[in-house]
Enquirer: 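Here you go, one structure.
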2 protein chains.
Amino acid sequence: MKLSTKGRYGLRAMVDLGIHSEQEPVSISSIAARQQISDRYLEQLIGKLKKAGLVSSVRGAQGGYQLARDPGEISAGDILRVLEGDLMSVTCDGDGDGDTPCCEVSDYCVTRYVWQKVHEGIIAAVDNLTLAELIEQSKGMHGGC
Amino acid sequence: MKLSTKGRYGLRAMVDLGIHSEQEPVSISSIAARQQISDRYLEQLIGKLKKAGLVSSVRGAQGGYQLARDPGEISAGDILRVLEGDLMSVTCDGDGDGDTPCCEVSDYCVTRYVWQKVHEGIIAAVDNLTLAELIEQSKGMHGGC
DNA sequence: GCAAACCCCACTAAATTGCTAGGATTTCCA
DNA sequence: TGGAAATCCTAGCAATTTAGTGGGGTTTGC
């Protein structure tokens, strides 16, 4: 139960875009260099973010990526959902093929109950956190941690 | 970012123990049969829970497991932390070997910031949820979901 | 026209997950 | 006193996921 590099890199890339792409599009290679990430790998992650409509692209030379919306209109949850899949989707222990009802085994709905609670906690946290806020945070700390 | 069977099975096993082990210890095989879980696998999970001090064991014939503490004194978070590892541990993207400071790359502390928020949300959810509450939930629903 | 960039898909080594297997040890009970 | 029932311990293994790498294409500014 941990955040993979997909989510971590994606958050950093989006913050980077927010800071550097206001005037002109930013290339994968420049983000990768600043963030010290494999550019081939980052390319795939940003591809997903583009398909999800969070970033827009400009093809050809001097092209690159830009945020598709205002940073205030993008939440950390939006980014993480794209890259990490459903954030703690609430599933039963049933096989989920639709044939069997969700809960034929005694008392395993506790899982569902717990997960509902956890899910609510996560969603509340990441959906109320805008990219704008993260960018502000990031600008605030120069080198220090 | 999902709950593995470890956490799901562990929660169900603990609820099962809470319901059935008040008088006498309960064997792995009976829990596994009721919960429809591989007993060999469950054995390993309960082993961890024992090492963590959440359940106690009685060896030999007619032995088995019991809750080590009152269900009101065990939280869902306690169980999940044992089986799923740190719940969203807040780590930087630094290599974490202690040699390099946490944040030598520009602005990746946003990861840390986001994760702090998510972590708080999760902890608040699972640590305020007692096993007693889950047992009550479980008893409340007979077959229904 | 050519280089810089995005785009797309396939492959792979390493780690994790969800088990299975084979025992050894302890203890109740007939 | 001899099983049988149970916990304990460690190792292995197939399937999946992760974190990339690789080899191309296509679009576009200069």
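Computed from a prediction, not measured in an experiment: that's the story for all the values here. Chain naming here is simple, since letters A, B, ... match the order of the sequence lines and numbering starts at 1 in each.
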Enquirer: Which nucleotide in the list C:dC7, D:dA19, D:dT7 gets nearest to the side chain of A:Glu43?
Expert: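 Between C:dC7, D:dA19, D:dT7, the one nearest the side chain of A:Glu43 would be C:dC7.
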
Enquirer: Under 4.0 Å between a side-chain N or O of B:Ser27 and OP1 or OP2 of D:dA5?
Expert: no

Enquirer: Can you name the side-chain contact (heavy atoms from CB on, under 4.5 Å) partners of B:Glu43, sequence neighbours left out?
Expert: B:Ile28, B:Arg40

Enquirer: Would you check if B:Asp78 and B:Arg69 make a side-chain contact, meaning some heavy-atom pair closer than 4.5 Å?
Expert: yes

Enquirer: Roughly, in whole Å, what's the span from NZ in A:Lys48 to P in D:dG20?
Expert: 14 Å

Enquirer: Reckon B:Ser57 has a side-chain N or O less than 4.0 Å from the OP1 or OP2 of D:dC8?
Expert: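 B:Ser57 to D:dC8 OP1/OP2: side-chain N or O found under 4.0 Å.
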
Enquirer: Could you state the CD-P distance from A:Gln66 to C:dA5, rounded to the nearest angstrom?
Expert: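 Distance, rounded to whole Å: 14 Å.
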
Enquirer: Please report, rounded to the nearest Å, how far the C1' atom of C:dC19 is from the OH atom of B:Tyr41.
Expert: 7 Å

Enquirer: Select from A:Gln44 and A:Gly63 the residue whose nearest nucleotide in DNA chain C is closer to the 5' end of that strand.
Expert: A:Gly63

Enquirer: Using a 4.5 Å cut-off on heavy atoms from C-beta on, say whether the side chain of B:Ile31 contacts that of B:Tyr65.
Expert: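 No, their side chains stay 4.5 Å or more apart.
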
Enquirer: Is the phosphate of D:dA6, meaning OP1 or OP2, less than 4.0 Å from a side-chain N or O of B:Tyr65?
Expert: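 Result: no.
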
Enquirer: Could you give the CG-to-P distance, from A:Leu42 to D:dT18, as a whole number of Å?
Expert: 17 Å

Enquirer: Measure the CD1-CG distance between A:Ile46 and A:Leu54 for me, rounded to the nearest 0.5 Å.
Expert: 11.0 Å

Enquirer: Distance-only, no hydrogens or angles: does the A:Asp16 side chain make a donor-acceptor pair with backbone N or O of A:Arg12 under 3.5 Å?
Expert: no

Enquirer: Which is true for B:Gly64 with a 4.0 Å heavy-atom rule: it touches a base, it touches only sugar-phosphate, or it touches nothing?
Expert: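 Touches sugar-phosphate only.
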
Enquirer: Tell me which nucleotide among D:dT26, D:dA5, D:dA19 gets nearest to the side chain of A:Lys6.
Expert: D:dA19

Enquirer: Let's see if you can work this out: which of C:dC6, C:dT20, C:dA3 has an atom nearest to the side-chain heavy atoms of B:Ser38?
Expert: C:dT20

Enquirer: Could you tell me the separation between the CD1 atom of B:Ile37 and the P atom of C:dC19, rounded to a whole number of Å?
Expert: 9 Å

Enquirer: Categorize B:Ile46 for me: base, sugar-phosphate, or nothing, with a 4.0 angstrom heavy-atom threshold over every strand shown.
Expert: nothing

Enquirer: Roughly how many Å is it from CG in B:Leu3 to C1' in C:dT17, rounded to a whole number?
Expert: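 One finds 13 Å between C1' of C:dT17 and CG of B:Leu3, rounded.
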
Enquirer: Among the nucleotides C:dC28, D:dG29, C:dC7, which one has an atom lying closest to any side-chain atom of A:Ala61?
Expert: D:dG29

Enquirer: Let me know the distance between CG of A:Leu45 and P of C:dC7, rounded to the nearest Å.
Expert: 14 Å

Enquirer: So which one's nearest nucleotide on DNA chain D is more toward 5', A:Asp39 or A:Arg59?
Expert: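 So the residue in question is A:Asp39.
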
Enquirer: From OH of B:Tyr9 over to C1' of C:dT20, roughly how many Å is that when rounded to an integer?
Expert: 14 Å

Enquirer: Using the test side-chain hydrogen bond (donor to acceptor under 3.5 Å, both in side chains), find all partners of A:Thr130 that sit at least two apart in sequence or belong to another chain.
Expert: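 For A:Thr130 there are no side-chain hydrogen bond (donor to acceptor under 3.5 Å, both in side chains) partners, ignoring immediate neighbours.
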
Enquirer: For a quick check, tell me whether the side chain of B:Arg40 and the base of C:dG18 share a donor-acceptor pair closer than 3.5 Å.
Expert: no

Enquirer: Can you tell me if B:Lys50 touches the phosphate of D:dC8, counting only side-chain N or O atoms and a distance under 4.0 Å to OP1 or OP2?
Expert: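 B:Lys50 to D:dC8 OP1/OP2: side-chain N or O found under 4.0 Å.
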
